[in-house]
Amino acid sequence: MELPKAYDPKAHETEIYKLWESSGAFTPKIERGKKPFVIMMPPPNVTGKLHIGHAMVVTLEDILTRYHRMKGEPTLWLPGTDHAGIATQNVVEKELKKEGESKRDLGREKFVERVWEWKKKYGGEIIRQTRALGASCDWTHERFTLDKGLSEAVDEAFKRLYDKGLIYQGLRTVNWCPHCHSAISDDEVEYKKEKGKFYHIKYGPFTLATARPETKLGDTAVAVHPSDKKYKDMVGKKYKIPGVLGEFEIVVVADNAVDPKFGTGAVKVTPAHSLVDFEIAQRHGVPLKQVIDENGKMMENTGKYAGMTTKETREAVVEDMKKMGLIEKIDESYEHNIGVCYRCSGVIEPIPSKQWFVKMKPLTEKAKEAVKSGKIKILPKRFEKVYFHWLDNIRDWCISRQLWWGHRIPVWYCGEPKTKRMGFAESVAAQLFKGKIKTYRLRDHGFQSGDRVVFEHSGTRRVLGHGVMKEVIKTVVKDLPLEDKGHYATYAKREELIAAFKRHNPEKEIVNDSPAYIYHYEFIPAEKLSRRCGEIIISNEKPEKCPTCGNTELSRDEDVLDTWFSSALWPFSTLGWPSSAKATDGKPTDYEYFYPTTVLETGYDILFFWVAKMIMMGLELTDKPPFETVYLHGLVRDEHNRKMSKSLGNVLDPLEVTEKYGTDAVRMSLVVGATAGNDLAVGESKIKGYRNFSNKIWNISRFVLTNLENPKGKINNLLDEDKKDLERLDEVIEKVTKHLDSFQFSRAGELLYNYIWHEFADIIIEQSKDRLNSNNEKDKRAVQTKLLTILTASLKMLHPFIPFVTETIWQKIPTNMRDSNTLISAKWPGVE
RNA sequence: GGGCGGUUAGCUCAACGGUAGAGCAUUUGGUUUACAUCCAAGGGGUUAAAGGUUCGAAUCCUUUACCGCCCACCA
């Protein structure tokens with residue numbers, strides 16, 4: 001036996017990985033009747049390189065994978081990468097900026113090409129790093145979220161949800177990131193504490209406070225609590241409020257969302273620029289007036305403030321209000337939360353925008369039931385509560401993004417491409433009917449002969465003829481302050497709308513009971529609409545012609561989908577759903593055999609972004625829970641439990657430390673001490689400790705293997721002490737197995753560490769030395785047998801944790817003394 | 001405001017109703033031919049505080065304090 005004194009990871013790791021891969025051990029064989037073990041690797045973003053958190057993911061999942069593979073289960077661990085919409089687009093944009101170029105200079109097509117180049121570079125880098133970490137995942141199954149098959153799954157999912165009424169397009173006040181120039185979902189907004197000024201202002205008959213005086217320009221109501229006696233007589237009345245742009249009108253509404261004890265108990269309502277205010281407005285039929293645009297600047301309707309940023313406007317408005325004597329007092333240090341974009345940290349400006357949404361409420365029941373019934377188990381269990389709470393308070397999920405990088409929304413328009421604001425006729429119809437409006441058509445200032453509104457309700461398609469619409473619009477528009485400029489704030493009186501509709505459609509029922517409210521709209525030049533009906537067609541490929549009017553000039557929705565939409569499908573889109581959902585040649589497809597998956601392992605920080613959405617989509621689209629167990633790991637922190645950050649300089653680069661101490665040492669450091677849901681402190685000294693452990697195993701093996709002779713056959717004349725040692729080994733095997741079965745990786749790893757170092761090496765091997773040096777051949781062999789038995793079992797148990805050293809040693813064991821050519825394919829101790 | 005986790009040796013954590021443990025750090029001693037990336041021995045804790053349940057509490061209950069996280073957003 002010629003083994004160097006110290007284990008050198010660099011000398012073996014690459015070679016060992018090649019050995020595994022070429023042995024075919026990573027790719028499972030479909031064995032009917034055997035339940036497979038399946039993990040989908042959370043696809044890392046293609047934004048850059050892996051960090052230490054990824055190393056933890058790889059380690060934990062590799063442990064599960066190797067363990068179950070050794071138990072003889074067909075094991076699939078599917079790797080891949082995520083296109084990561086906003087994140088990647090931002091990174092590439094930044095790169096372009098360095099070159100003095102911009103996204104717009106390039107144009108959509110060229111820009112997307114550029115991002116693909118980036119993906120090829122960094123996607124490959126990520127794959128190389130994943131390999132370096134020893135991941136025994138099946139590269140023949142590698143997927144990228146923008147792969148053809150996965151894109152098809154996205155389109156299919158969109159279509160199915162749309163047809164079921166679970167996806168709709170609507171104008172709502174959404175979280176808008178002016179920097180990313182896109183809407184984002186509620187989950188993507190982070191709240192940051194900030195000290196700011198708090199202005200108490202005179203507001204007609206009210207005094208109220210705000211941190212954002214500039215939004216006063218968009219106020220359309222004042223809300224009070226229904227039980228607040230102070231304002232009882234004012235509810236329902238309208239007031240003229242003096243403002244910096246002259247008087248404006250507000251209506252007083254009573255709403256439970258108002259806290260009567262806070263401040264004066266009266267709140268100004270800015271439906272266009274606050275999600276909460278938008279909801280209040282919807283409940284009470286309050287108009288909506290947009291004053292901030294998509295760039296975070298004031299719109300034309302704000303007179304002298306037009307074009308200013310919100311910050312500049314705030315100062316200017318305050319100055320003007322001071323002059324007018326409208327400011328009562330200013331709190332200088334008021335702490336409030338501001339919403340920022342989780343991708344760019346820019347301040348979120350809520351604005352009304354036409355976006356696509358997933359209706360979440362209908363999806364939550366099944367999602368809750370799956371966890372309540374135990375069909376899906378979340379570890380640690382306390383996160384189930386968090387999960388339920390999230391589902392109970394969910395709002396509809398905004399899935400459209402105004403980006404270029406991602407899955408294009410599979411929607412085609414016959415007529416004007418999607419405008420940012422809802423058309424007037426559409427808004428009118430939306431108020432009259434619950435259901436999705438399919439399309440609209442407008443001609444100039446009103447509705448003309450031949451125009452119509454097509455809408456769907458409860459699966460039936462109805463067409464509102466121009467006569468009805470004309471009447472409706474006439475009724476509504478009569479008192480409207482129409483101007484000649486771009487957009488208008490209008491207020492539709494619900495009763496009038498309904499009356500008009502009933503007059504012309506006496507036999508039809510009005511389904512929507514929600515009050516009317518204001519929409520912005522734009523007039524669309526008549527010529528643009530000629531010979532087009534405004535149909536919406538859900539299709540991935542460009543339809544030949546519009547099925548309704550035969551028009552062949554169809555335009556595609558400009559937006560892409562939220563990256564988490566495709567992530568939500570990951571457990572089954574990666575397996576060929578929907579096209580391979582059924583076998584064609586009698587052999588089970590990947591989807592049939594491997595889905596649903598077994599374990600979903602990921603960080604607790606993406607429970608809402610990803611896990612919950614996968615559960616909802618899985619149940620809705622495949623009718624099955626996508627996995628049985630969710631194991632949530634914690635964050636990797638530095639040795640003093642601080643968050644790793646570049647500014648603190650405490651970031652552990654997995655590549656650097658694996659290079660220095662070996663992959664095994666890094667892996668072990670990321671396992672021991674890591675319990676479900678809890679953060680883990682890792683520093684170099686810890687890694688060093690496990691480097692020493694790798695070396696210890698190396699030397700244990702050196703000792704055992706160099707002392708082997710006449711290794712043939714099994715010798716049974718064991719002493720009582722040997723039997724005791726072997727019984728102890730069985731106990732350790734049983735415990736490690738139990739710990740792994742119950743996801744207690746840390747306990748398993750720790751037990752192995754202590755057992756191998758302080759029992760096997762310190763006691764068993766030390767005690768064996770005299771007997772090995774004696775002349776009693778029989779006893780010598782008994783000891784050798786015992787040591788070899790413990791060594792091979794130990795190597796097997798350690799293998800999932802530290803695959804490289806253990807496999808390297810395994811390769812040095814004479815073939816007639818091991819039960820498999822590779823350790824990766826060896827049988828777990830106690831498994832036949 | 002609501003919820004969750006934590007507080008145990010200098011540091012990072014384990015013990016989950018039965019005499020407080022490990023690793024790192026520290027002290028002392030070791031050139032024992034598997035390993036100095038090692039071995040042996042030692043020091044160090046009224047388990048955040050108070051009260052309760054119990055024969056017995058770090059462990060269960062209550063309250064408090066502090067630290068951290070998540071959700072909500074009070075305008």
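When distances are taken from the side chain of A/Ala6 to each of B/rC74, B/rU37, B/rC16, the shortest belongs to B/rU37. With B/rC39, B/rA34, B/rU12 as the candidates, the nucleotide lying closest to the side chain of A/Asn641 is B/rU12. Residue A/Ala761 places its side chain closer to B/rA34 than to any other of B/rG5, B/rC11, B/rA34. The listed nucleotides are B/rA40, B/rA15, B/rC74; the one nearest the side chain of A/Asp762 is B/rA40.
Comparing B/rA34 with B/rA20, their P atoms are spaced 39 Å from each other, to the whole Å. Separation of the P atoms belonging to B/rA40 and B/rU33 is 15 Å when rounded to the nearest angstrom. Taking atom C1' in both B/rA15 and B/rG21, one finds a spacing of 7 Å when rounded to whole Å. Atom name C1', nucleotides B/rG17 and B/rU27: the rounded distance is 36 Å, in whole Å. Distance noted for atom P between B/rG44 and B/rG2: 45 Å (whole Å). The separation of B/rC69 from B/rA25, taken at their P atoms, amounts to 30 Å, rounded to a whole angstrom. On the C1' atoms, B/rC13 is 33 Å away from B/rA72, given to the nearest whole Å. Nucleotides B/rC16 and B/rC60, compared at atom P, are 10 Å apart to the nearest Å.
Across all strands, A/Arg395 comes closer than 4.0 Å only to sugar-phosphate atoms, never to a base (heavy-atom distances). Counting non-hydrogen atoms under 4.0 angstrom, A/Arg382 reaches the backbone sugars and phosphates but no base. Among the heavy atoms of the strands lying under 4.0 Å from A/Ala211 are primed sugar atoms or P, OP1, OP2 only; no base atom is included. A/Val276 comes within 4.0 angstrom of the backbone, heavy atoms only, and of no base. Contacts of A/Leu607 with the nucleic acid, taken as non-hydrogen atoms under 4.0 Å apart, are absent. Among the protein residues, A/Phe693 comes within range of no part of the nucleic acid, since none of its heavy atoms lies under 4.0 Å from any strand. Within 4.0 Å (heavy atoms only), A/Ile700 reaches at least one base atom of the nucleic acid. At a threshold of 4.0 angstrom between heavy atoms, the contacts of A/Asn707 with the nucleic acid are absent. Residue contacts shown for A/Arg212 are absent, as no nucleic acid heavy atom lies under 4.0 Å away.
The base-pairing partner of B/rC69, taking Watson-Crick or G-U wobble contacts with both distances under 3.5 Å, is B/rG3. Nucleotide B/rG17 has no partner under the Watson-Crick or G-U criteria, as no pair reaches both atom distances under 3.5 Å. Here B/rA25 sits opposite no nucleotide as a Watson-Crick or G-U wobble pair (both hydrogen-bonding atom distances under 3.5 Å). In this structure, B/rC35 makes no Watson-Crick or G-U wobble pair, since no nucleotide meets both defining distances under 3.5 angstrom. Base pairing of B/rU53: no nucleotide in any strand meets the Watson-Crick or G-U wobble criterion (both distances under 3.5 Å).
No N or O donor and acceptor, one from the side chain of A/Lys5 and one from the base of B/rA36, sit under 3.5 Å apart. Judged by distance alone with a 3.5 Å cut-off, a donor-acceptor contact links the side chain of A/Lys696 to the base of B/rC35. In this model, no side-chain donor or acceptor of A/Glu766 finds a partner on the base of B/rA40 within 3.5 Å. Side chain A/Asn337 to base B/rC73: a donor-acceptor pair is found below 3.5 Å.
Atom pair A/Phe703:CZ and B/rA34:P shows a separation of 6 Å (rounding to whole Å applied). In this entry the distance linking CG of A/Leu391 with P of B/rA72 reads 13 Å, nearest Å. The CG atom of A/Asp392 sits 14 Å away from the C1' atom of B/rA72 (whole-angstrom rounding). Taking atom CG of residue A/Asp679 and atom C1' of nucleotide B/rC67, one finds them 13 Å apart after rounding to whole Å. If you measure from atom CZ of A/Arg702 to atom C1' of B/rC35, you get 7 Å, rounded to the nearest angstrom. Following rounding to the nearest Å, A/His389 (NE2) and B/rC70 (P) show an atom-to-atom distance of 15 Å. As a whole-Å value, the separation of A/Gln767 CD from B/rU32 P is 20 Å. Rounded to whole angstrom, the span from the CD atom of A/Gln744 across to the C1' atom of B/rA14 amounts to 12 Å.
A/Glu194 and A/Lys192 are not joined by a salt bridge, as no carboxylate oxygen comes within less than 4.0 angstrom of a charged side-chain nitrogen. Ion pairing of A/Lys289 with A/Glu249 is absent here, as no side-chain N (NZ or NE/NH1/NH2) approaches a carboxylate O to less than 4.0 Å. Salt bridge A/Asp331/A/Lys197: absent, no basic N to carboxylate O contact under 4.0 Å. Salt bridge absent: A/Glu13 and A/Lys10 never bring a charged side-chain N and a carboxylate O closer than 4.0 Å.
The phosphate of B/rU33 has neither OP1 nor OP2 within less than 4.0 Å of any side-chain N or O from A/Lys769. The shortest distance between the side-chain N/O atoms of A/Trp757 and the OP1/OP2 oxygens of B/rG23 is not below 4.0 Å. OP1 or OP2 of B/rG23 sits under 4.0 Å from a side-chain N or O of A/His758. Side-chain nitrogen and oxygen atoms of A/Asn692 include none within less than 4.0 Å of the OP1 or OP2 phosphate oxygen of B/rC24. One finds no side-chain N or O of A/Arg637 lying less than 4.0 angstrom from the OP1 or OP2 phosphate oxygen of B/rU12. In terms of phosphate contacts, A/Lys385 brings a side-chain nitrogen or oxygen within less than 4.0 Å of OP1 or OP2 of B/rC4.
Annotated as anti: B/rC13, whose glycosidic dihedral deviates from 0 by more than 90°.
When each of A/Phe608 and A/Phe198 is assigned the nucleotide of RNA chain B with its nearest heavy atom, A/Phe608 is the one assigned upstream, toward the 5' end.
Neither side chain, A/Glu328 nor A/Tyr199, offers a donor N or O lying under 3.5 Å from an acceptor on the other.
The cationic atom of A/Lys329 (NZ for Lys, CZ for Arg) does not lie both less than 6.0 Å from the six-membered ring centre of A/Phe198 and within 45° of the ring axis.
Using a 4.5 Å heavy-atom threshold, the side chains of A/Leu787 and A/Ser768 count as touching. Looking at heavy atoms from C-beta onward, A/Thr173 lies out of side-chain contact with A/Ser274 at the 4.5 angstrom threshold.
Within 6.0 Å of the NZ atom in A/Lys368, the count of heavy atoms belonging to other residues, nucleotides or ligands exceeds 12.
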